[in-house]
Every structure is written in structure tokens, then in C-alpha cells.
Amino acid sequence: MKTLRLIQLALKYHWDAHKSNPANLIAGVLGMVVNNIIVLWGLWAMLFDGKPDGQALTIYFLSLNAMITIAWGSICYFIGGVRSLGEYIEEGTLEPMLATPRNPLVLVGISQSITPALGDILQGLCNLVALFFLAPADMVFRCILFTFSSGVAFLGLFILTGSIPFFVRRGNALAQLLLECNLSLSFYPTGKIFTDKGRFLLFLTPAAVTGVLPMQAIENGHWSTAFIAVVGAMCFFGFSILIFNLGLKKYQTSSYVSARA
Amino acid sequence: MTYANVLESGRFHFRHAWFNLREQFSDIPTALAANALIPFFVWILSNVWQRFNSHQGNFTFEQVIVYIGITELLFMTFVRAPSVSRASGDFSISLARPRSWLVISFSGLVGRSIGGRIFMLCLLICVFPILGTDLAEISKAVLRLLILLPWLGIIQGLFALFFSVAQVLWHQTNYFLLPFGKIFLVLGGVWGPIADFSEPWRKWLLILPPSDIFFQPAYFCVKGNFYGISVFEWFLRTSFLILVLTVINIYFFKMAKTRHQSYGG
């Protein structure tokens, strides 16, 4: 309960900070919305419009986009500090967070709120509204439900990639690369591209739990697929926490002051 | 201004561009790390194309790998925030110098753009065979691209210069870079050839400037001719673009000079 109160206070504090510079806030959010709309339209026009099975693929792509943008955007806006976990470890910023009785991951999470992520959430919600008109209601409901599953998986991914600097010197650059790779594998309709070996390899990446499996569950509505997607996301999240704790035990921090200097 | 002054100035700016070009090769491990995702994007986008657009028969899979590699190369070195910040960062100091900031920034941006593109080209030459393209296809495309690079460097330099001038004028333009880049990414056919878009999108996209600086050059490199236009027509269209960008840059530079407020000290 106390943790929730802390998160709520942090959000209020971040929102006040964003509000104090309205030009920046509007530019950041609108910039992201414009960016997302262009990307969405571009991929749709290039891949699905006027193509055989275009209608079904459009619904698939809208659902995928809604799920990914809301899940990614929510993590980045509400607990955006986890995106900088690797940087904190490298710079020594993590150390002051270890000196309190609170969970360090919570403190890392609430340390930042990324403004443009609001644009992602807004875009995803618009997609959901569009889906209400284009897709069956149960599919839209599943899309909302599996956004949570994808969000948990993305949170796990941020923690897992952010923990790389515990084990690899200057590992943050590698972490960002892996994050970008996974985002691309989740965002593009990879579930419809790869078959056989390619699909098997895709299931070995975190994109399986952030995008492919939840999307499969949204599309076919089978309980078994839904179960695999949810359990997969939770196991991945648990695994990420495990790796973080393992890294924390062998963490040798650099001096925060000297790193900053 | 005498002829000797013009010559001296030209020599200076050429050397400045050359210095910036060579600078792109000064830290190869960092440059490799920065471009490490390019092969991944080429691979994934080629597969996306193969799944959804290959049935149209405009390209073979090998050609699309080269096409996407070249568009990625052109896009990833297009308008980059560090280049823009670096060019605009020198503005206050340049007011005390005898040379024009606008031209110095432009020559630096062109040099960095061409250097970055040559570096990425070297990287792609190594990657293309791994992705399944044969050497004859690669060598033809590379030679064609080398012919176009200086001209494309000028266009890219003018676009980046516009953002540098805008940053001097308004201090904060970072948020505009993202949507601006994405507009060129999507409308320029970086993800896949515009030739494979359905109508009416294809017709409209071919009219717009992004297709002239991404799609048409990449198509030329792969096929040896421009899509639906002659070489002369492409040259004319890009010349007009250069003219418009030059006028805009000069106009905004004059505004920036009168309104700029320098902080610090």
C-alpha cells in the first residue's frame, strides 16, 4: 500500500514537472502521436492496403499496434526509470537507491517519467476505438486484456536488458541494442512473416512474450494460447527479477560523484 | 570579394568537409556499435517485403536486400540530432569569426554525411553476401551509389542545416526531429519500395520530395534507372529542392542572426 502511495506521489511530482513547461509537453506528446500515425499509416499502405486478405491483416496490425503502443507507453510513462536502469548501473546512480529500505526496482521505476510516452498511450487508445468499429467486440476485449500481459513482459524486458551492465562492462549500449531489436520484432507483424525454423527462433526471443504470443491469443481466442501468453509473460518477468537480484549481489559500483564528474 | 578570396574560401570549405568526412573513420568501434542494428533492420524488412509484397514481382529478394540496405544507409545518415547540435553549437563563437557560419556548417554537415555514408556502405558490403546477395549485384549497386553520393550529400546537408538554423532560432527543435525523420522514412520508401505501394498512394508518394532522395536513388542503384522518370528529370527535381532549401536556409539564418540570444558565460 505504501509503495502504491509512493508511486502515486512520484507520478504527481512528474506531472507537475511536465506541466511547468507546457510547450515541451505538447511538443513531446504531439510529436510522438504524429510519429506513430505516420508509422502506422506507412506500414498499412505498404503492406496491407489493396492486398489479398488486406481487411483481416489490417485488423491484426491495428490490434498489434494498440497492444504494443499502450504497453510500451504505459511502462515508459508511469515507471519510465526502468528504461534507464542500465545507465544508472553504469553511472553509479543506482547506489543511493540501494541505501533505502524500499525495493530498488520501484525506486528506479519512479525516478523518471518519459513525456512522449503519453503520445504512445493516446495512439494506442485511438487504435482501440478504431478496432471497436472494425473488429468483433470479443477481439477488442482480448486486445485490452493482453495489453497487460504485454506490459508485464516489456517491464521484464527493461529489467533484463537493464541488468546487462551488472555482468558486462559498459553493457548499456548492448542493452539498448537488444531492446531496439526486440521492439522491432514485436512491432512488425513478425507473427505473420516467419514460419518453421524462423518462427521457432522467434519464440526464443523476448518478442514471443511481448508481441507474438499475446497477439496469437488475441487473434484466435483459444484458452490454451491465452494461458501460454500470460504464463510466459509472468515467467519472463520473474526471470528478469531473478537476474537483476543476481546482478545486484555482485554489483561493484563506481563512485556516483566521480562518474558524474 | 575577389576571385582569390573565393578560391581561398572554397579551398577552406573543401578541407573542412574533408576533415569532417575523415572524422567518421576516427573511432571505428563506436561507429560499428552505432550502426550494429542496420543489418538486422535490412534482414527483417526484407523478410517483411517477401511475405507481403514479393508476389507483385517488381523486385527479386536479392534486389530488395540491396534496396533496403541503401535506403537505410541514406536514412540513418539523414538529419541526425548530434550533427544538428554540433553545427548550431558553434553559432555564438562564429559571430566573432570572419567566415560565414552558414557555409562552415554546411560544409561540415556535407562532409559528415558523405563520410558516414561511405562507412555504412563498407559495412553493408560485408553484410550483403551474408544476407544472400551475390557480388555482381552488390558491386553494380555500390558503383551507382558512389556516383550519386556527392549530390545526395548536398541535399542532406541543406536539410540538416535547416534544423541547425532552426535550433539557433528557437533553441529547442529536438521534438520535431522525430516526426520529421519518420515522415521521410515512411514517405521516402525506406521500409520498402514505393513501386510496391497500392494506388493512389504510389502516385502521390512519387510526387513528394522524400521519394527523390530515398526511393529514386535506391531504385537507381538496384535497377540502373529511375522509376518512371528520366535521369534529367530527377536531376531537375532535386535541383529545385536544393534551390528551395538554400533560400529557406538563408532567410532563416538572417532571422536567427537578429533574434539569437546566447546564454552562458
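Keep in mind it's a predicted model, so treat the numbers as computed, not measured. Order of the sequence lines sets the chain letters (A, B, ...), proteins ahead of strands, with each chain counted from 1.
- Interface residue A:A45: backbone and side-chain heavy atoms are both found under 4.5 Å from chain B.
- Comparing B:L205, B:I183, B:D196 by how many heavy-atom pairs each has under 4.5 Å with chain A, the most go to B:I183.
- B:F41 and A:S184 make their closest contact through CE2-OG, 3.0 Å (heavy atoms, listed as atom of the first residue, atom of the second, distance).
- Heavy-atom contacts from other residues, nucleotides or ligands closer than 6.0 Å to CZ of B:F240 number 12 or fewer.
- Of all residues in residues 58-67 of chain B, none places a non-hydrogen atom less than 4.5 angstrom from a non-hydrogen atom of chain A.
- Around CZ of A:F239, the count of heavy atoms belonging to other residues, nucleotides or ligands within 6.0 Å does not exceed 12.
- Listed by chain and number, the residues in a side-chain contact (heavy atoms from CB on, under 4.5 Å) with A:L183 are A:I68, A:W72, A:F154 (sequence neighbours excluded).
- Proximity to chain B is absent for every atom of A:L174, based on heavy atoms less than 4.5 angstrom apart.
- The contact list for residues 32-44 of chain A toward chain B, using heavy atoms and a distance under 4.5 Å, reads A:M32, A:V34, A:N35, A:I38, A:V39, A:W41, A:G42, A:L43, A:W44 by residue number.
- At a 4.5 Å heavy-atom cutoff, the contact between B:W191 and chain A is made by backbone and side-chain atoms alike.
- The distance from the CE atom of A:M46 to the CH2 atom of B:W49 is 11.0 Å, given to the nearest 0.5 Å.
- Only the side chain of B:L45 has a heavy atom closer than 4.5 Å to any heavy atom of chain A.
- Residues passing the ring pair (Phe, Tyr, Trp, His ring centres under 6.0 Å) test with B:Y227, sequence neighbours excluded: B:F215, B:Y219.
- In summary, of the residues considered (A:F48, A:Y188, A:Y60, A:F61), a ring-ring contact (aromatic ring centres under 6.0 Å, His included) with B:F52 occurs for A:F48 alone.
- At most 12 non-hydrogen atoms from other residues, nucleotides or ligands lie less than 6.0 angstrom from OH of B:Y251.
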